[in-house]
> 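First, the structure itself, so that you have it in front of you.
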Amino acid sequence: MSRAVTGLGDWTDFAGLAKVQDALLPDTLAAAAASPFYRERRDGVPAGRAELEDYPLTSKEDLRDAYPFGMLAVDRSRLATYHESSGSTGTPTASYYTADDWADLIDRYARTHVGIRPSDTFLVRTPYALMLTGHVAHAAARACGATVVPADNRSLATPYAKVVRLLHDLGVTLTWSLPTDALLWAAAAERLGLRPGHDFPALRALLVAGEPLSPARRDRLARLWQAPVVQEYGSSETGGLAGECPQGNLHLWADRAIFEVYDPATGRLSAQGAGELVVTPLCRQAMPLLRYHIGDRVEVTRPDCPCGWVLPVVRVLGRFQDGAGLTQVGLEEVVFRLPAEYGVLFWRARHTRHGLAVQIEVPPRHRHAATAELTAAIGAAFGVDVHVEPLPPGALVPVRVLTAMPEVMKPRGLFAADEDWDRALRYY
């Protein structure tokens, strides 16, 4: 077992990993018994692992119905933070953590195989506000002694051009963002006369999460920035659930949670296979979750990974899939297999009556080749009728979005005669 990652124990096989889970499960079930939701559920709380395996799933709808504190298992005086999810797929869900819960969140995040060092300048470019992700990265980086640059991606005060300036001027060494954000920084840097792979020599890794990432897009990002792209996976309700090993596999933190795969066609759950992810966190006090159905489509395997981590491996496929098996991550893989010299970074697609309509930003000199190659590749991969429309650079991501600097002001009520007083009381 590799010791390059914090907090991993001495188990050497999956039977040993199960014993680690079994040792943590009783406290988890006891915490669930203190939660109004589980205490009042007609099924009660399982007595052990055997009963847990027959226990009904906890859904996102359950969490919404329990808003705000129906899942709370401790006195509110013990809470350290309260959070809500982004609501990207529906009504936001609430989640909350004690100080001890936070120690576990920080430990899991700090497991990244590239390490977080006191010498690092760590730019956090995921949301703060009510979401969990920015706060966890910030706390973990500080716990490791790093300097944090809090460049929240929901703040109008930090647009892409300003992020590029921070990356360049501060000598940022690590970043935490959506994969798409790192693409946007690259495009913004070029618009500002900088070369992503050359003019940011301090950058040693890009840490990413928050959306499915195909191998092809990951490789493109790594080549653009000349730095490794390191993936993590998690949710606001659970914190980090998986991290990447030096071999590039995304390992589930199964020493901190029990993971299952739900097959919606049969209703069966298993330890591995293809389906939808279900998780029972094992180090959670404030908001215990039993068999929480996250809903992400995944493939879970138990390979003998060369990294030495005896932990399951997960591929995250996202939540949308059509009847032909077309997923965003699958389509993204085809798009980013286009030759890098074509310069295709931004795309979108939707179903129409006539098949699949795809738009790509591509410079005029590569328009014909990119359109023809992508049309053929999508048709071969998915067996669908496809129409690829080439658009000039700036059509999907306007240049002003990449180059604008913030216009920040303090709210005020008194204006001079030649000032625009329609902007009274606003920050931006």
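The residues of the chain are indexed from 1 along the displayed sequence.
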> Would a 4.5 Å heavy-atom cut-off, applied to side chains only, mark L72 and L79 as touching?
yes
> Do side-chain atoms of R297 reach the backbone of G275 as a donor and acceptor pair under 3.5 angstrom?
no
> Would you find more than 12 non-hydrogen atoms of other residues, nucleotides or ligands less than 6.0 Å from R302 atom CZ?
yes
> For side chain to side chain contact (heavy atoms under 4.5 Å, CB included), just list the numbers for S236 and H83, CA-CA rounded to whole Å, side-chain angles, deciding distance to a tenth of an Å, and then say yes or no.
CA-CA 7 Å; S236 285; H83 302 273; 5.5 Å; no
> How are the rings of Y109 and F122 set to each other: parallel, tilted or perpendicular (split at 30° and 60°)?
tilted
> For the side chain of R220 and the backbone of V344, is there at least one donor-acceptor N/O pair under 3.5 Å apart?
yes
> Checking S85 side chain against T93 main chain: does a donor-acceptor pair fall under 3.5 Å?
yes
> Is the Y128 ring parallel, tilted or perpendicular to the H138 ring (thresholds 30°, 60°)?
perpendicular
> Indicate yes or no for a side-chain donor-acceptor contact from E190 to the backbone of P196 under 3.5 Å, with no hydrogens or angles considered.
no
> Check whether any side-chain N or O of R291 sits under 3.5 Å from a backbone N or O of P56 as a donor-acceptor pair, and report yes or no.
no
> For the residue pair V300 and A271, what are the closest heavy atoms and their distance?
CG1-O, 3.7 Å
> Check step by step if salt bridge (charged side-chain N to carboxylate O under 4.0 Å, His left out) holds for R111 and D107.
CA-CA 7 Å; R111 286 177 164 188; D107 179 78; 3.8 Å; yes
> Examine distances only and state if a side-chain atom of W225 and a backbone atom of A182 form a donor-acceptor pair shorter than 3.5 Å.
yes
> Would the distance check show the side chain of D101 and the main-chain N or O of A286 forming a donor-acceptor pair, the cut-off being under 3.5 Å?
yes
> Short question: side chain of D13, backbone of A15 - any donor-acceptor pair under 3.5 Å?
yes
> Within a strict 4.5 Å, meaning less than it, do heavy atoms of the W253 and D104 side chains meet?
no
> Do you know the tightest heavy-atom contact between L105 and G239?
CD2-CA, 3.6 Å
> Quick check on salt bridge (charged side-chain N to carboxylate O under 4.0 Å, His left out): which of E333, E244, E332 does R218 satisfy it with?
E244
> I'd like to know whether R217 forms a side-chain hydrogen bond (donor to acceptor under 3.5 Å, both in side chains) with T180, so could you lay out the CA-CA distance, the side-chain angles of the two residues, the decisive distance to 0.1 Å, and finally the verdict.
CA-CA 9 Å; R217 182 160 67 133; T180 295; 3.0 Å; yes
> Write down the atom of C307, the atom of P246, and the distance for their closest heavy-atom approach.
CB-CD, 4.1 Å
> Measure from the side-chain N and O atoms of T173 to the backbone N and O of A202, and report whether any donor-acceptor pair falls under 3.5 Å.
no
> Looking at E260, H293, E276, which hits side chain to side chain contact (heavy atoms under 4.5 Å, CB included) with L57?
H293
> Would E237 and K60 count as a salt bridge (charged side-chain N to carboxylate O under 4.0 Å, His left out) here? Give the steps.
CA-CA 10 Å; E237 298 90 350; K60 284 187 180 289; 3.2 Å; yes
> Using a 6.0 Å cut-off, check whether atom CZ of R223 has over 12 heavy atoms from anything other than its own residue.
yes
> For the side chain of T175 and the backbone of L123, is there at least one donor-acceptor N/O pair under 3.5 Å apart?
no
